[in-house]
Amino acid sequence: MIKIKIPVCAPEISEIDVSYVSECVRSSWVSGISPYVGRFEKRFAEYCECKYGAAVNSGTTALHTALASIGVGKGDEVIIPTFTMIATPNSIAYLGAVPVLVDSELDTWNIDVDKIEEKITPRTKAIMPVHTYGHPVDMDPIMELAEKYNLFVIEDAAEAHGAIYKGKKVGSIGDLGCFSFYANKIITTGEGGMIVTNNEELAETAAWLRAHAFGRGGKHFYHERLGYGYRMSGMQAALGLAQMERIDTFVENRIARAKLYNTVLEDIEGRGDIVFPPDAKWGKNVYWMYSILLDDNFPVSREKFMKKLDTSGIDTRTFFYPVHVQPVYKQSSPYPVADELSRKGINLPSGNNLTLDDVSVVCDAIIQLVG
Ligand SMILES: *Cc1c(COP(=O)(O)O)cnc(C)c1O
């Protein structure tokens with residue numbers, strides 16, 4: 001077995017993380033009502049330019065709680081891109097609601113904003129765009145549709161902490177924004193997530209639902225709504241606070257590494273077709289994944305490309321299989337762009353602890369492969 005030397009996306013854990021977490025454990029404030037949770041919510045919400053944050057135990061449960069907070073229920077429809085991670089449709093299905101799929105656009109690899117309106121029906125409750133691989137979605141047309149049809153917008157920003165759309169942080173644009181702090185995301189709490197919003201009522205509902213919807217006004221064990229056991233622990237929040245001290249560095253490092261990848265790989269572009277990651281003028285991509293598409297006339301197949309890098313100790317991933325081909329959601333409608341992305345895409349090493357030297361090693365291996 002080959003030991004992976006350059007992983008696709010590993011977290012950066014250092015002494016400051018250890019000291020925050022141990023300080024939390026020593027304080028014995030370890031549960032979801034720990035003051036560390038409130039501090040982390042405040043800190044992360046501020047970073048997202050939002051007034052409120054509700055921490056939960058994963059990105060998936062952030063989406064689920066957000067959907068429950070706006071009242072999504074059985075038979076309701078929520079519009080999402082078919083090209084996304086499985087948690088996006090699952091969070092809708094958990095509520096007995098229906099994920100309605102839209103193809104992606106080649107410019108941003110995000111939901112095709114021109115194909116949303118045709119999918120709106122009287123049962124549509126929300127649009128849930130996904131800021132894929134750290135690149136912001138073109139939000140203005142989505143917000144206009146939401147206004148026109150009276151829909152909610154929940155941003156799945158699980159992959160895009162710090163990304164900016166026309167001067168606004170992602171997560172702050174829709175009614176609610178959802179983030180993941182899984183180990184490979186831009187900051188981590190091991191497992192974890194957060195809902196951010198500027199809407200006080202939705203913030204209160206989300207915080208209430210994620211912690212069993214305990215009764216108010218003195219009737220603690222009295223439940224008017226179906227709540228969830230989705231609290232984030234104090235230790236997770238402490239780790240999150242430590243990671244927040246470096247989030248700007250994490251994001252800027254990702255952008256610097258993407259620039260280096262672009263510069264070196266552009267030199268070999270003549271040898272075959274590589275499609276580079278999107279970088280729209282109106283947005284800031286934070287490159288959760290530095291990803292490329294290998295066009296059909298690239299000299300080696302994707303399979304061979306990945307195998308060769310693997311033998312050099314470089315870990316890579318193929319893109320998501322779109323929702324419409326997943327056995328649990330299978331549909332026969334065509335989504336050609338999502339299919340193309342899924343067929344051609346590769347995530348190259350992109351983790352927080354990746355160095356510029358690592359990027360050079362990866363690029364050298366790619367150059368050798370086509371040379
Ligand atoms: C990671 C991710 C999630 C789920 O987050 P977890 O913390 O793993 O539950 C949801 N949506 C997208 C787009 C993701 O990439």
Side-chain angles (χ1 to χ4, degrees), residues 8-11 40 44 48 53-68 78-95 99 101-102 104 108-111 126-137 139 142 153-163 170-171 174 176-196 206 210 228-233 236-237 239-240 243 254 277-278 285-291 317-324 326 328-329 338 341-342 345 347 350-352:
V8 113
C9 211
F40 180 46
F44 188 74
C48 297
V56 289
N57 56 7
S58 76
T60 310
T61 58
L63 293 170
H64 186 184
T65 307
L67 289 161
V78 178
I79 294 175
I80 61 167
T82 185
F83 184 71
T84 186
M85 192 242 171
I86 200 71
T88 316
N90 283 356
S91 64
I92 300 162
Y94 295 158
L95 289 157
L101 308 179
V102 171
S104 303
T108 63
W109 303 352
N110 285 324
I111 191 166
I127 306 171
M128 200 152 83
V130 182
H131 304 288
T132 310
Y133 298 144
H135 191 287
V137 172
M139 291 298 293
I142 294 178
V153 175
I154 297 177
E155 293 173 71
D156 182 344
E159 306 177 353
H161 318 51
V170 304
L176 296 153
C178 297
F179 290 85
S180 166
F181 307 124
Y182 182 63
N184 70 5
K185 297 290 161 81
I186 290 171
I187 63 162
T188 187
T189 60
E191 302 279 351
M194 200 181 298
I195 302 155
V196 296
R210 60 107 192 250
Y228 306 103
Y230 286 170
R231 282 180 295 226
M232 171 181 277
S233 77
Q236 289 170 310
L239 181 53
Q243 295 264 307
R254 279 169 183 277
N285 187 350
V286 289
Y287 299 94
W288 173 53
M289 288 290 171
Y290 181 89
S291 308
R317 287 275 182 291
T318 53
F319 276 15
F320 308 120
Y321 291 99
V323 177
H324 66 274
Q326 301 289 352
V328 282
Y329 294 107
L341 292 173
S342 174
N347 303 132
S350 309
N352 277 338

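Just so it is clear, the structure is predicted and the values come from calculations on it, not from any experiment. Ligands are counted one by one from 1 in listed order, and the atoms in each one are counted from 1 as well.
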Write out the residue and atom name of the closest protein heavy atom to atom 9 (O) of ligand 1, then the distance separating them to 0.1 Å.
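Of the protein heavy atoms, T60 OG1, 2.5 Å lies nearest.
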
Looking only at protein heavy atoms, which one is nearest to atom 11 (N) of ligand 1, and how far off is it?
D156 OD2, 2.8 Å

Quick one: do the Y230 and H64 side chains pair a donor with an acceptor below 3.5 Å?
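Distance-only check passes for Y230 and H64.
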
Any side-chain donor paired with an acceptor under 3.5 Å for H131 and E159?
no

Numbered atoms of ligand 1 (with element) below 4.0 Å of A158, judged on heavy atoms:
2 (C), 3 (C), 10 (C), 11 (N), 12 (C), 14 (C)

Is it true that atom CZ of F319 has more than 12 heavy atoms of other residues, nucleotides or ligands lying nearer than 6.0 Å?
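Buried by this count: over 12 neighbours within 6.0 Å.
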
Does OH in Y321 sit with more than 12 non-hydrogen atoms of other residues, nucleotides or ligands closer than 6.0 Å?
no

Positive for side-chain hydrogen bond (donor to acceptor under 3.5 Å, both in side chains) with T132, one of N285, T84, N110:
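Between T132 and the candidates, side-chain hydrogen bond (donor to acceptor under 3.5 Å, both in side chains) is satisfied uniquely by N110.
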
Should K185 be listed as contacting ligand 1, given a heavy-atom distance under 4.0 Å as the test?
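A heavy atom of K185 does come that close to ligand 1.
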
Is [X] in polar range of ligand 1, meaning some N or O pair under 3.5 Å apart?
{"X": "G59", "answer": "yes"}
{"X": "T84", "answer": "no"}
{"X": "S180", "answer": "yes"}

Side chain, backbone, both or neither: [X] near ligand 1, heavy atoms under 4.0 Å:
{"X": "S58", "answer": "both"}
{"X": "T88", "answer": "side chain"}
{"X": "V130", "answer": "side chain"}

Using the rule given for side chain to side chain contact (heavy atoms under 4.5 Å, CB included), can you reason through F181 versus L239, listing the C-alpha separation, both sets of side-chain angles and the distance that settles it, and then say yes or no?
CA-CA 10 Å; F181 307 124; L239 181 53; over 6 Å; no

A student comparing M289, M85, E159 should find that the heavy atom closest to atom 15 (O) of ligand 1 comes from E159

For the ring pair Y329 and H324, is the centre-to-centre distance below 6.0 Å?
no

Distance-minimising heavy-atom pair for H161 and I186:
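Closest heavy-atom pair between H161 and I186: ND1-CB, 3.7 Å.
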
